[in-house]
Amino acid sequence: MRAQSSATASPRIAVGAASAKTGGASFGTVQAALGVVAFSLTFPATAWGLEGFGPWSLIAVRSILAAAVAGVCLLALRVAPPERRHWLGLAVVGAGVVLGFPLLTTLALQTSTTAHAAVVVGLLPLTTALLSALRVGTRPSRTFWIAALAGAAAVIAFTVQQSGGALTSADAYLFAALLVCAAGYTEGGRLAREMPGWQVIGWALVLCLPLTVPMAAVALSYEPVHLTAHSVTGLLWVAIGSQFLGLVVWYRGMAAIGIPKASQLQLAQPLLTLVWSVLLLGEHLPVAAPLTAAAVLVCIAVTQRARG
């Protein structure tokens with residue numbers, strides 16, 4: 001009887017474990033998707049912030065505000081400092097997503113529309129997957145790569161066509177931002193497997209304070225500040241929504257479903273950014289947007305089903 005009971009229990013345990021794993025992956029996808037929604041508002045919010053702040057002031061103040069929120073959370077929960085072996089990775093995250101990407105894209109948005117700047121977001125999934133393969137050793141399937149390349153090509157074609165095919169002086173900032181952000185995402189996703197995702201971005205923000213505090217002091221003394229409803233709202237969103245909360249759920253999602261698959265969800269980010277640009281900034285939405293959206297969603301579905 002005991003042998004029979006054990007034999008009967010084993011399949012149930014296996015089914016339960018499989019269900020838990022599936023549920024965890026689904027929740028990870030939801031978290032990564034929430035991160036994408038938060039990031040899709042970054043460019044419009046930055047445009048609002050630039051109405052009242054200079055580019056250097058906006059970057060420094062947003063990082064300090066996000067670090068203040070993260071620091072309060074770390075202190076309130078009495079989180080111990082990371083192990084010494086994690087600090088180098090946290091420095092990469094800080095350089096990529098706390099300083100590099102926000103600074104470079106903000107400088108680009110001074111002379112570029114949010115629609116044109118979205119090209120960097122369209123390239124991020126493929127670049128992140130490539131860096132992940134090199135850094136973490138992931139080996140996605142051929143189907144995954146075909147779908148990823150197709151999705152990236154659709155987004156690039158859409159954004160380049162939308163800008164008239166002309167390259168601007170902001171493109172150098174955008175391509176540099178692409179590389180540093182992909183490096184930060186890859187390293188952050190790797191660290192999120194060993195420590196909670198919110199602690200990854202939290203410690204990275206705190207680590208950058210010795211740079212952002214002096215930067216804010218200097219920038220605010222040279223760049224005029226005009227506080228308006230738009231500029232304050234934009235600053236608060238890029239600081240709390242994009243810089244902290246968005247990255248918390250994003251890193252948790254990457255840890256749950258893997259860096260390559262999570263990165264492909266970002267294929268929808270440029271199109272979401274265009275929607276917000278129309279609603280919040282009054283920019284014109286091209287007719288090609290729905291067709292591109294459909295192609296991108298198909299690619300996302302394929303990459304989510306392809307096994308790495």
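When reading the values below, keep in mind they use all heavy atoms of this one structure, side chains included, and skip hydrogens, waters and symmetry mates.
No single ILVMFWY cluster, assembled from side-chain heavy atoms under 4.5 Å apart, contains both L205 and V180. Following chains of ILVMFWY side-chain contacts shorter than 4.5 Å, one cannot reach L220 starting from L103, and the two form parts of different hydrophobic clusters. Tracing side-chain contacts under 4.5 Å through hydrophobic residues (I, L, V, M, F, W, Y), one reaches L50 starting from L280; they form part of the same cluster. Residue V206 is grouped with residue I240 when hydrophobic side chains (ILVMFWY) are merged at heavy-atom distances under 4.5 angstrom, including chains of intermediate members. Under the 4.5 Å side-chain heavy-atom criterion for Ile, Leu, Val, Met, Phe, Trp and Tyr, L179 and V92 are members of distinct hydrophobic clusters.
The side-chain heavy atoms of Q31 and W250, taken from C-beta on, include no pair separated by under 4.5 Å. Between L174 and L178 the shortest side-chain heavy-atom distance does not fall below 4.5 Å. Under the 4.5 Å side-chain criterion, counting only non-hydrogen atoms from C-beta, L245 is not in contact with W198. At a threshold of 4.5 Å between non-hydrogen side-chain atoms, the residues M195 and W203 count as touching. Put simply, the side chain of V275 reaches to within 4.5 Å of the side chain of L279, judged on heavy atoms. Using a 4.5 Å heavy-atom cutoff, the side chains of Q110 and T106 are not in contact.
Between L211 and P214, the shortest heavy-atom distance links the atoms O-CD, 3.4 Å. Nearest approach of L281 to A47, heavy atoms of both residues: CD1-CB, 4.0 Å. In terms of heavy atoms, G94 sits closest to C208 at CA-SG, 3.7 Å. Here the closest heavy-atom approach between residue I257 and residue A32 is recorded as CD1-CB, 4.4 Å.
Between the CG atom of L107 and the OG1 atom of T46 there is a distance of 11.0 Å, given to the nearest 0.5 Å. The CZ atom of F144 sits 12.0 Å away from atom CD1 of I146, with the distance rounded to the nearest 0.5 Å.
Residues satisfying the side-chain contact (heavy atoms from CB on, under 4.5 Å) criterion with E194, sequence neighbours excluded, are R85, H86, R190. With sequence neighbours left out, the ring-ring contact (aromatic ring centres under 6.0 Å, His included) criterion links Y173 to no other residue.
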Using atom types as modelled, flag every donor-acceptor pair under 3.5 Å from a side chain in residues 58-81 to any protein atom, sequence neighbours excluded.
| unit_1 | atom_1 | unit_2 | atom_2 | d |
| --- | --- | --- | --- | --- |
| R62 | NE | Q243 | OE1 | 2.9 |
| R62 | NH2 | V238 | O | 3.4 |
| R62 | NH2 | Q243 | OE1 | 3.4 |
| S63 | OG | I59 | O | 3.0 |
| S63 | OG | V98 | O | 3.4 |

Considering only distance and modelled atom types, tabulate donor-acceptor pairs under 3.5 Å from the side chains of residues 33-44, sequence neighbours left out.
| unit_1 | atom_1 | unit_2 | atom_2 | d |
| --- | --- | --- | --- | --- |
| S40 | OG | V37 | O | 2.6 |
| S40 | OG | W276 | NE1 | 2.9 |
| T42 | OG1 | F39 | O | 3.0 |
| T42 | OG1 | S242 | OG | 2.7 |

Quiz item: Would L99 and T212 count as a side-chain contact (heavy atoms from CB on, under 4.5 Å) if you check the C-alpha gap in whole Å, the side-chain angles of each, and the deciding distance to 0.1 Å?
Solution: CA-CA 8 Å; L99 294 176; T212 55; 3.5 Å; yes

Exercise. Mind running side-chain contact (heavy atoms from CB on, under 4.5 Å) on F175 and L104 for me, showing each step along the way?
Key: CA-CA 9 Å; F175 286 117; L104 292 167; over 6 Å; no

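In this structure a side-chain-to-backbone donor-acceptor pair under 3.5 Å is missing from S57 to F53. Between the side chain of T186 and the backbone N or O of A183, no donor-acceptor pair lies under 3.5 Å. Without hydrogens or angle criteria, T105 side chain to P102 main chain gives a donor-acceptor distance under 3.5 Å.
By the 6.0 Å contact criterion, CH2 on W145 is enclosed, its count of non-hydrogen atoms from other residues, nucleotides or ligands being greater than 12.
Checking each of L131, T127, L247 against Y185 for a side chain to side chain contact (heavy atoms under 4.5 Å, CB included) leaves exactly one that passes, namely L247.
Within the structure, ring pair (Phe, Tyr, Trp, His ring centres under 6.0 Å) contacts touching residues 206-238 (residues at least two apart or in different chains) are W48-H230. Judged as a salt bridge (charged side-chain N to carboxylate O under 4.0 Å, His left out), not a single pair has a partner in residues 208-228 (not counting sequence neighbours).
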